[in-house]
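Worksheet: the structure to be examined is printed underneath.
FYI, side chains are in, hydrogens and waters are out, and symmetry mates aren't considered; it's all heavy atoms of this structure. Bear in mind the structure is a predicted one, so any value in this text is a computation, not a measurement. Letters go in sequence order (proteins before strands), and every chain restarts at 1.
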Amino acid sequence: MLVGLSGGVDSAVAALVLRECGYEVTAVRMRIYDGPDDPSLAYGCYGRGAAEERASAEALARHLGLPFREVDCVEAWRELVLEYFRSEYLAGRTPNPCVRCNQMIKFGALPRLAEAGGLAFDFFATGHYVRRTLDAEGRPELRRGLDPRKDQSYFLYRLSREQLARTLFPLGGMTKAEVRGLAAARGLAVHNQPDSQDLYGGRYVDLLGAPDREGAVVDTRGRVLGRHRGFWHFTPGQRKGLGVCGPAPLYVLRVDAARNEVVVGPASENAFEGCFIDATNYFLPEPAPGTRLIARMRSSQPLQEVVVGERDEWGRLRIDFVRPMSGLAPGQSLVLYQDDLVIGGGIIQW
RNA sequence: UGGGGCGUCGUCAAGCGGUUAAGACCCGGGUUUUUGGAGCCCGUAUUCGAAGGUUCGAAUCCUUCCGCCCCAG
């Protein structure tokens with residue numbers, strides 16, 4: 001059994017649980033950053049104090065009595081996550097690096113490189129708050145974590161069935177409080193460590209390496225309301241940072257990369273009746289048009305009622321919202337659920 | 001140059017002799033969050049274009065100056 005150990009509470013407890021279940025567990029940490037440590041970038045996956053993090057993970061592994069290995073995913077991460085992140089933003093879309101990283105690195109390069117490096121294992125496990133179950137024919141299914149506040153299925157909808165088949169999620173049936181409690185009970189120093197990390201502890205724009213390029217902030221009629229320093233500083237739904245004042249708040253409606261324009265409008269214009277998705281990934285057959293499901297267009301959001309539509313001539317699947325939604329962005333993901341079960345999802349387009 | 005109007009926070013804008021000088025937008029901070037965002041909370045003019053004057057007391061009344069706008073030539 002291979003378990004991904006980040007140095008945080010969740011993965012530590014995942015490893016703990018597996019060991020206590022009697023599995024023979026090896027802890028692996030994926031290294032995605034090999035530049036200089038920067039203390040000012042705390043709480044980011046990338047650019048965080050690499051040495052300190054590694055030491056922390058290794059200490060945890062020792063405390064748990066597990067063999068520890070670090071797997072060098074620096075190249076893969078740079079190619080498949082960072083480059084994706086850059087090119088998406090600079091194309092005027094809003095990427096989700098976590099979805100990408102899970103698909104390509106955490107559940108991709110990490111176990112693959114570990115295996116190539118001589119680590120044999122039957123299953124790979126992580127501390128995600130999701131559940132994996134098997135259907136009547138023994139095929140793996142992905143379900144939301146039991147703790148509704150911590151469910152991370154949104155970030156994992158892009159895994160393949162093959163990846164899922166080989167993965168276990170020991171925390172899927174636990175709440176965060178139970179995880180912390182278990183960590184404390186077993187004397188894990190990280191039990192009260194703050195949650196979560198971002199992609200990057202600094203401003204994401206710094207990762208793009210794009211020099212400022214002044215452009216116009218315009219309304220839907222094309223009137224210039226202000227100036228900005230580059231369209232990639234903005235994402236649909238964004239309100240802050242526009243520097244444009246009016247009688248009511250303005251939101252970014254869309255970003256025009258070709259013209260380097262940021263189109264803004266009042267809240268009333270920032271609501272969508274539906275969207276298209278493509279690059280879909282499914283664990284179950286694609287629902288037929290007219291199927292009513294619940295969905296998420298964002299990681300932290302109450303589940304929304306939607307109706308599956310038809311595929312258009314470009315092969316994009318239409319999804320209609322029962323209630324209008326705001327803040328959708330092309331490049332983000334929409335994930336479809338039937339109760340707890342993750343059906344699949346795709347990348348938002350329009 | 002005549003006639004009229006206006007100058008209150010970065011922006012819009014209440015106020016009309018006694019208010020701690022509203023509010024909105026922007027901005028800043030916090031909260032939240034394994035993506036981007038949103039939401040919510042908090043904060044932000046000792047000062048009202050400037051200088052004098054009247055008054056117990058003025059952003060609110062008077063005078064002059066400065067600036068801007070409209071109409072007329």
Side-chain angles (χ1 to χ4, degrees), chain A residues 4 6-11 14 30 32 42-46 48 81-82 84-86 88-107 126-130 145 147-158 169 171 176 179 193-208 217 225-228 231-255 262 264-267 270-272 296-302 304 324-335 345 347-348:
Chain A
S6 68
V9 203
D10 295 333
S11 58
M30 63 173 191
I32 60 171
Y43 301 119
C45 290
Y46 184 72
R48 203 172 179 181
V81 179
L82 188 55
Y84 153 84
F85 187 74
R86 283 185 175 137
E88 284 291 291
Y89 258 117
L90 295 178
R93 289 185 291 270
T94 306
N96 187 323
C98 293
V99 166
R100 179 83 172 179
C101 174
N102 284 328
Q103 175 195 6
M104 309 300 287
I105 309 297
K106 201 172 288 176
F107 295 87
T126 70
H128 286 96
Y129 288 84
V130 298
D147 184 342
R149 290 295 304 161
K150 295 303 299 179
D151 169 46
Q152 290 168 320
S153 56
Y154 179 85
F155 295 104
L156 299 182
Y157 84 95
R158 219 151 234 298
F169 301 107
L171 305 190
K176 185 75 187 193
V179 168
Q193 179 176 296
D195 271 18
S196 95
Q197 55 284 322
D198 299 326
L199 166 73
Y200 180 61
R203 301 173 314 156
Y204 75 83
V205 175
D206 296 338
L207 291 177
L208 303 181
V217 177
L225 304 180
R227 312 296 298 173
H228 67 252
F231 67 85
W232 53 87
H233 290 260
F234 302 89
T235 187
Q238 179 174 337
R239 169 181 171 178
K240 300 258 181 187
L242 292 171
V244 177
C245 48
L250 293 170
Y251 299 82
V252 174
L253 268 23
R254 58 181 176 274
V255 158
V262 176
V264 303
N270 185 35
F272 300 86
R296 237 179 213 136
M297 306 83 183
R298 168 153 57 249
S299 60
S300 182
Q301 169 199 46
Q304 304 295 319
M325 297 296 304
S326 63
L328 297 209
Q332 293 282 291
S333 289
L334 185 148
V335 180
I347 308 289
I348 294 170

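No contact: A/Phe234 has no heavy atom under 4.0 Å from any strand. Counting any heavy atom pair closer than 4.0 Å across all strands shown, A/Arg298 reaches a base atom. Residue A/Tyr251 is in sugar-phosphate contact alone, with no base atom involved, counting any heavy-atom pair closer than 4.0 Å across all strands shown. Looking at heavy-atom distances under 4.0 Å, A/Ser299 makes contact with a base.
With sequence neighbours left out, A/Phe234 forms a ring pair (Phe, Tyr, Trp, His ring centres under 6.0 Å) with A/His228. Remark: A/Glu88 pairs with A/Tyr84, A/Arg93, A/Pro95 by the side chain to side chain contact (heavy atoms under 4.5 Å, CB included) rule, at least two apart or across chains. The side-chain hydrogen bond (donor to acceptor under 3.5 Å, both in side chains) test applied to A/Arg239 returns no partner, not counting sequence neighbours. Applying the side chain to side chain contact (heavy atoms under 4.5 Å, CB included) criterion to A/Pro247, with sequence neighbours excluded, gives no partner residue. In this view, A/Asp151 and A/Arg296 satisfy the salt bridge (Lys or Arg N to Asp or Glu O under 4.0 Å) rule, not counting sequence neighbours. For A/Phe85, the ring pair (Phe, Tyr, Trp, His ring centres under 6.0 Å) test picks out A/Tyr89, with sequence neighbours left out.
The CG atom of A/Leu225 sits 16 Å away from the P atom of B/rC25 (whole-angstrom rounding). In this structure, the OH atom of A/Tyr129 is 12 Å from the P atom of B/rU33, given to the nearest Å. Separating the NZ atom of A/Lys106 from the P atom of B/rU34 is a distance of 12 Å, rounded to the nearest angstrom. If you take CG of A/Leu156 and C1' of B/rU34, they are 10 Å apart, rounded to a whole angstrom. Counting to the nearest Å, the C1' atom of B/rG37 and the OH atom of A/Tyr89 are 8 Å from each other. To the nearest angstrom, C1' of B/rG37 lies 18 Å from CZ of A/Arg93. Computed from coordinates, the A/Arg254 CZ to B/rG37 P distance equals 20 Å when rounded to whole Å. Atom CD in A/Gln238 sits about 21 Å away from atom P in B/rU33, given to the nearest Å.
Searching all strands for a Watson-Crick or G-U wobble partner of B/rC27 with both distances below 3.5 Å returns B/rG43. Pairing for B/rG2 is with B/rC71, a Watson-Crick or G-U wobble pair whose two hydrogen-bonding atom distances lie under 3.5 Å. The partner of B/rA38 cannot be assigned: no Watson-Crick or G-U wobble pair with both contacts below 3.5 Å exists in any strand. Base pairing of B/rU64: its partner is B/rA50, meeting the Watson-Crick or G-U wobble criterion (both donor-acceptor distances under 3.5 Å).
B/rC42 and B/rG23 have their P atoms separated by 12 Å, with the value rounded to a whole Å. Atom C1' of B/rG18 sits at a distance of 12 Å from the matching atom of B/rU55, rounded to the whole Å. Of the P atoms belonging to B/rU20 and B/rU11, the separation is 27 Å, rounded to the nearest Å. For the C1' atoms, the distance linking B/rG67 with B/rC56 amounts to 34 Å, nearest Å. Distance noted for atom C1' between B/rC70 and B/rU63: 25 Å (whole Å). B/rG4 and B/rU47 have their C1' atoms separated by 30 Å, with the value rounded to a whole Å. The C1' atoms of B/rC25 and B/rA13 are separated by 11 Å, rounded to the nearest whole Å. Rounded to a whole angstrom, the distance from the P atom of B/rC48 to that of B/rG53 is 16 Å.
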Any protein N or O atoms within reach of nucleotides 12-15 of chain B? Criterion: under 3.5 Å, listing atom names and distances.
none

Show me the protein contacts with nucleotides 27-31 of chain B, counting only N or O atoms at under 3.5 Å.
residue : atom : partner  : partner atom : Å
B/rC27  : OP1  : A/Gly241 : N            : 2.6
B/rC27  : OP1  : A/Leu242 : N            : 3.3
B/rC27  : OP1  : A/Gly243 : N            : 3.4

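Judged as a side chain to side chain donor-acceptor pair (under 3.5 Å), the pairs with a partner in residues 324-335 of chain A (not counting sequence neighbours) are, in order, A/Tyr157-A/Ser333.
In terms of position along RNA chain B, the nucleotide closest to A/Arg149 lies nearer the 5' end than the nucleotide closest to the other residue of the pair A/Arg149 and A/Thr235. Remark on RNA chain B: of its neighbouring residues A/Cys245 and A/Ser326, the 5'-side contact belongs to A/Cys245, judged by nearest-heavy-atom nucleotide.
Closest approach to the A/Cys98 side chain among B/rU34, B/rG36, B/rU32 is made by B/rU34 (side chain taken as heavy atoms from C-beta onward). Here the nucleotide nearest the side chain of A/Pro97, chosen from B/rU35, B/rC25, B/rG36, is B/rU35. With B/rU34, B/rU35, B/rU33 as the candidates, the nucleotide lying closest to the side chain of A/Ser300 is B/rU33. Of the candidate nucleotides B/rU34, B/rU35, B/rG37, B/rU34 has the atom nearest to the side chain of A/Asn102.
Between A/Lys150 and B/rU34 there is a side-chain polar atom (N or O) within less than 4.0 angstrom of OP1 or OP2.
Between the side chain of A/Ser11 and the backbone N or O of A/Ser6 there is at least one donor-acceptor pair closer than 3.5 Å. Side chain of A/Asn102 to main chain of A/Leu156: no donor-acceptor pair is present (N/O by atom type, distance under 3.5 Å, no hydrogens or angles).
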